[in-house]
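The structure appears below as structure tokens.
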Amino acid sequence: MKKIITIIGARPQIIKAAALSRAIQKKYADKLREIIVHTGQHYDDNMSKVFFDELGIPSADYNLQAGSGSHGKQTALMLEKIEEILLREKPDAMVVYGDTNSTLAGAIAASKIHVPVVHIEAGLRSFNKSMPEEINRIMCDHVSTLLFSPTKSGFNNLVKEGFNPDARAPFTADNPAIYHCGDVMYDNSLFFSDVAEQKTNILSMYQLSRGGFILATIHRNNNTDIPERLNSLFGALQQISSEQSIDIILPLHPRTAKLLDTNLNADLLNSIRNNPRFKICGPVSFLEMIALERHCKLVMTDSGGVQKEAFYFKKPCIILRPETEWVELVECGAAMVTDADAGRIHAAFDHFNKGNQIQYPAFYGDGHAAEFICNEIIKQL
Ligand code: UD1
Ligand code: UDP
């Protein structure tokens, strides 16, 4: 029996972890024992607890209650507490997801005391080091022992950075293994999409018609913290909603919600609040989110996860960032990068609104990425 410690903390990591926990419970319970450590980076019920309840994730064995703070403070607090747990639990490996401060803290704590790091969602690059996530993912990849990339482009990035695609076992941090294995988020979307249909009534709650609304999310720090960008984004959404008479639903991340009053122009905020078609709500549950993704007309987002989920549900996506790590979405024509530029957002909306046929190739695996990862952890560590 191998003992693994899984680090989660931010909303998307809790969701991603559901796929691995499900695979362990169903197929590998006699070979893998998982201890879940929640750093507490996200702590509101609708950013954390709701996903445990809804996705059947075992409750966390430890909650570090790191909470919000500057990068240094938040990461340091987690690092210290994770190290204590590793020394006590002596696991065979540590699993981390994605690119948040929780990922970085886990990777540093484990690698320094020679616990092999398994990085799920390895190799993704925006080539923009002003993003905290780019720093986190590069640092994490370079101390990991098993690196699982969801995409071919992620795998290729690792090869370009010097990882050996032909490395042979035994694997260590100095002789890591890299894999292209598909996306655990795709596993989840497939698994939960029918359940979402039966268990949620979000469309009727917000009077949204199937195929007749835009789903938007905005939470990236460079969008929320820079007033010009936030105004440009909300201005574009408001204008599209008014001119096209189309509903927009925007489940708002708490980071963005807290900055609306200070960073958004008061007149714009008023006009949005007086527009019955612009529906701003709090963060929704995962099942509600995939029901929205499944039935919207189009997605506008700066989220990494939501870009891909739009693709899984065959919806075009406008990416409200200067670039994306998920380059295949743009290359195949399913998504367009517009940054926070109102003109580019309008042009992208017009492009997709014409209803041109889009291809959605199987870039993200076959829905069994989590099983592949479990098998390799059991075999290699
Ligand atoms: C973090 C990740 C980001 C990821 C996002 C997913 C880092 C550096 N960033 O960004 O990569 O895309 O999570 O959602 O790790 N807040 C609450 N309640 C909560 C959580 C946060 O009110 O439960 C507010 C706090 O004011 C906090 C702010 O949101 O200061 C930002 O939270 P934080 O976890 O630092 O970063 P995110 O923007 O959520
Ligand atoms: N999500 C959710 N409710 C919301 C917004 C997002 O359940 O109100 C889910 C979404 O379906 C996806 C994940 O959260 O699975 C993406 O997380 P987020 O956008 O916070 O972070 P990112 O992927 O950009 O790191």
Side-chain angles (χ1 to χ4, degrees), residues 7-19 38-55 65-75 77-78 96-106 121 124 126 130-137 139-140 150 183-189 192-193 196 200 202 215-225 249-259 262 280-294 296 299 301-313 319-321 324-326:
I7 301 288
I8 53 178
R11 167 171 68 189
Q13 294 166 328
I14 304 170
I15 295 170
K16 285 167 200 168
H38 190 332
T39 63
Q41 177 169 351
H42 287 174
Y43 43 84
D44 291 345
D45 281 357
N46 59 14
M47 293 295 286
S48 174
K49 182 175 180 301
V50 64
F51 304 110
F52 284 87
D53 298 345
E54 198 173 64
L55 308 187
Q65 299 188 321
S68 305
S70 68
H71 289 285
K73 270 197 185 147
Q74 191 182 49
T75 312
L77 221 153
M78 295 173 189
V96 289
Y97 291 91
D99 53 21
T100 72
N101 288 346
S102 299
T103 316
L104 179 65
E121 216 174 80
L124 279 297
S126 64
S130 71
M131 284 180 80
E133 293 85 357
E134 183 75 350
I135 311 276
N136 292 345
R137 48 173 97 99
M139 309 268 277
C140 178
D183 190 0
V184 292
M185 290 192 76
Y186 184 49
D187 297 11
N188 275 336
S189 292
F192 287 108
S193 99
T200 68
I202 186 137
L215 168 65
T217 77
I218 297 171
H219 77 275
R220 242 357 110 183
N221 64 330
N222 74 329
N223 281 335
T224 59
D225 300 4
I249 182 156
L250 173 61
L252 213 51
H253 189 288
R255 172 185 204 107
T256 322
K258 286 177 180 164
L259 288 165
T262 38
I280 300 184
C281 60
V284 297
S285 78
F286 182 66
L287 294 186
E288 289 173 330
M289 192 63 184
I290 57 179
L292 292 172
E293 289 164 346
R294 194 168 170 171
C296 67
V299 173
T301 189
D302 60 8
S303 157
V306 178
Q307 285 173 47
K308 281 180 298 157
E309 287 168 350
F311 183 87
Y312 304 153
F313 293 106
I319 300 172
L320 307 172
R321 283 183 40 199
T324 179
E325 304 79 47
W326 307 101

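Side chains included, hydrogens not; waters and symmetry mates left out as well; all remaining heavy atoms used. Order of listing sets the numbers, starting from 1, for every ligand and every atom in it. Given the structure is predicted, the values throughout are model-derived calculations rather than measurements.
When hydrogens are left out, the protein atom nearest atom 16 (N) of ligand 1 is Tyr43 OH, 3.6 Å; that is the closest non-hydrogen contact. Annotation: atom 35 (O) of ligand 1 to nearest protein heavy atom, Gln74 NE2, 3.8 Å. When hydrogens are left out, the protein atom nearest atom 19 (O) of ligand 2 is Ser303 OG, 2.7 Å; that is the closest non-hydrogen contact. Closest to atom 17 (O) of ligand 2, if we only count protein heavy atoms, is Pro12 CB, 3.6 Å. Closest protein heavy atom to atom 1 (N) of ligand 2: Met289 CG, 3.8 Å. Among all protein heavy atoms, the one lying closest to atom 4 (C) of ligand 2 is Arg11 NH1, 3.2 Å. Of the protein's non-hydrogen atoms, the one nearest atom 18 (N) of ligand 1 is Asp44 OD2, 2.9 Å. Nearest protein heavy-atom contact of atom 33 (P) of ligand 1 is Gln41 NE2, 4.0 Å. Of the protein's non-hydrogen atoms, the one nearest atom 8 (C) of ligand 1 is Asn101 OD1, 3.4 Å. Ranking protein heavy atoms by distance to atom 2 (C) of ligand 2, first place goes to Val284 O, 3.6 Å. Considering only non-hydrogen protein atoms, atom 5 (C) of ligand 1 sits nearest to His219 NE2, 3.7 Å. In terms of protein heavy-atom proximity, atom 22 (O) of ligand 1 is nearest to Lys258 NZ, 2.5 Å. For atom 25 (C) of ligand 1, the closest non-hydrogen atom on the protein side is Ser68 OG, 3.4 Å.
When every heavy atom of Ile280 is checked against every heavy atom of Leu252, the shortest pair comes out as CG2-CD2, 3.8 Å. Shown here for Ser126 and Glu134, the closest heavy-atom pair between the two residues is N-OE1, 2.8 Å. Taking every heavy atom of both residues into account, Gly9 and Ser102 meet most closely at CA-OG, 3.7 Å. Counting all heavy atoms, side chain and backbone alike, Ala17 lies closest to Ile8 at CB-CG2, 3.6 Å. Between His71 and Thr75, the shortest heavy-atom contact is O-OG1, 2.6 Å. When all heavy atoms of Ala66 and Met78 are compared, the closest pair comes out as CB-CG, 3.7 Å.
With hydrogens and angles left out, the side-chain atoms of Ser68 and Tyr43 include a donor and acceptor closer than 3.5 Å. For the residue pair Thr256 / Thr224, no side-chain donor-acceptor distance below 3.5 Å is found, with atom types taken as modelled.
In Glu133, neither the side chain nor the backbone holds a heavy atom less than 4.0 Å from any atom of ligand 2. When heavy-atom distances to ligand 1 are checked against a 4.0 Å cut-off, Arg255 comes that close through both its backbone and its side chain. If you look at Ala10 next to ligand 2, there are no close heavy atoms at all, none under 4.0 Å. Only the side chain of Pro12 comes within 4.0 Å of ligand 1, judged by heavy-atom distances. Of all the heavy atoms of His42, the ones lying under 4.0 Å from any atom of ligand 1 are found in both the backbone and the side chain.
Residue-to-ligand polar distances place Glu309 within reach of ligand 2: an N/O pair is separated by less than 3.5 Å. At under 3.5 Å, not a single nitrogen or oxygen of Asp302, backbone or side chain, sits near a nitrogen or oxygen of ligand 2. At under 3.5 Å, a nitrogen or oxygen of Gly305, whether backbone or side chain, sits near a nitrogen or oxygen of ligand 2. Backbone and side-chain nitrogen or oxygen atoms of Asp99 are examined, and none is located within less than 3.5 angstrom of a nitrogen or oxygen of ligand 2. The shortest N/O to N/O separation between Gly282 and ligand 2 does not fall below 3.5 Å.
You'll find the side chain of Phe286 stays beyond 4.5 Å of the side chain of Val50, heavy atoms only. Put simply, the side chain of Glu309 does not reach to within 4.5 Å of the side chain of Tyr186, judged on heavy atoms. Looking at His38 and Phe52, their side chains come closer than 4.5 Å, going by heavy atoms from C-beta outward. Contact check for Gln74 versus Thr39: no side-chain heavy atoms found under the 4.5 Å cut-off. Side-chain contact check for Arg137 versus Met131: some heavy-atom pair is nearer than 4.5 Å. Contact annotation: the side chain of Pro132 never approaches that of Thr100 to less than 4.5 Å [non-hydrogen atoms, C-beta and beyond]. Side-chain contact between Thr103 and Glu133: absent, with no pair of heavy atoms (C-beta onward) separated by less than 4.5 Å. Counting heavy atoms from C-beta on, the side chains of Asp225 and Leu259 come closer than 4.5 Å.
Distances below 4.0 Å separate heavy atoms of Arg220 from the following atoms of ligand 1: 11 (O), 12 (O). The distance from ligand 2 to the heavy atoms of Met185 drops below 4.0 Å at these ligand atoms: 12 (C), 15 (O). Atoms of ligand 1 lying under 4.0 Å from any heavy atom of Glu133, numbered from 1 in the order shown and given with element: 3 (C), 9 (N), 11 (O). Near Ser285, meaning under 4.0 Å from one of its heavy atoms, ligand 2 places the atoms 7 (O). Every atom of ligand 2 is numbered from 1 in the order shown, and the set under 4.0 Å from a heavy atom of Phe51 is 7 (O). If you number the atoms of ligand 1 from 1 as listed, the ones under 4.0 Å from a heavy atom of Met47 come out as 23 (O). The atoms of ligand 2 that sit less than 4.0 Å from any heavy atom of His219 are 18 (P), 19 (O), 21 (O), 24 (O). Each of the atoms 8 (C) of ligand 1 lies under 4.0 Å from some heavy atom of His71. Set against the non-hydrogen atoms of Glu293, the atoms of ligand 2 under 4.0 Å away are 11 (O). When each atom of ligand 2 is checked for a heavy atom of Pro283 under 4.0 Å away, the hits are 8 (O). With ligand atoms numbered from 1 in the order given, ligand 2 contributes 7 (O), 11 (O), 15 (O) to contacts under 4.0 Å with heavy atoms of Phe286. Interface atoms of ligand 2 facing Pro251, defined by a heavy-atom separation under 4.0 Å, are 8 (O).
Side chain of Asp99 to main chain of Asn136: no donor-acceptor pair is present (N/O by atom type, distance under 3.5 Å, no hydrogens or angles).
Proximity of Lys16 to ligand 2 is not established, as no heavy-atom distance is less than 4.0 Å. Under a 4.0 angstrom heavy-atom cut-off, Thr217 registers as lying outside contact with ligand 2. Not a single heavy atom of Glu288 sits closer than 4.0 Å to an atom of ligand 2.
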| Given the rule in the side-chain hydrogen bond (donor to acceptor under 3.5 Å, both in side chains) test, do Thr200 and Glu288 qualify, once you have shown the distances and angles that lead to the verdict? | CA-CA 6 Å; Thr200 68; Glu288 289 173 330; over 6 Å; no

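Rounding to the nearest 0.5 Å gives a distance of 10.5 Å between NZ of Lys16 and CG of Asn188. Atom CG in Leu287 sits 11.0 Å away from atom CG in Leu292 (nearest 0.5 Å).
Among Ile14, Val306, Ile15, Leu287, the residue whose heavy atom sits closest to atom 14 (O) of ligand 2 is Ile15.
Between His253 and His42, the two ring planes are perpendicular [angle over 60°; tilted spans 30° to 60°].
Paired with Met47 under the rule side-chain contact (heavy atoms from CB on, under 4.5 Å), one option of Arg11, Arg255, Gln41 passes, and it is Arg11.
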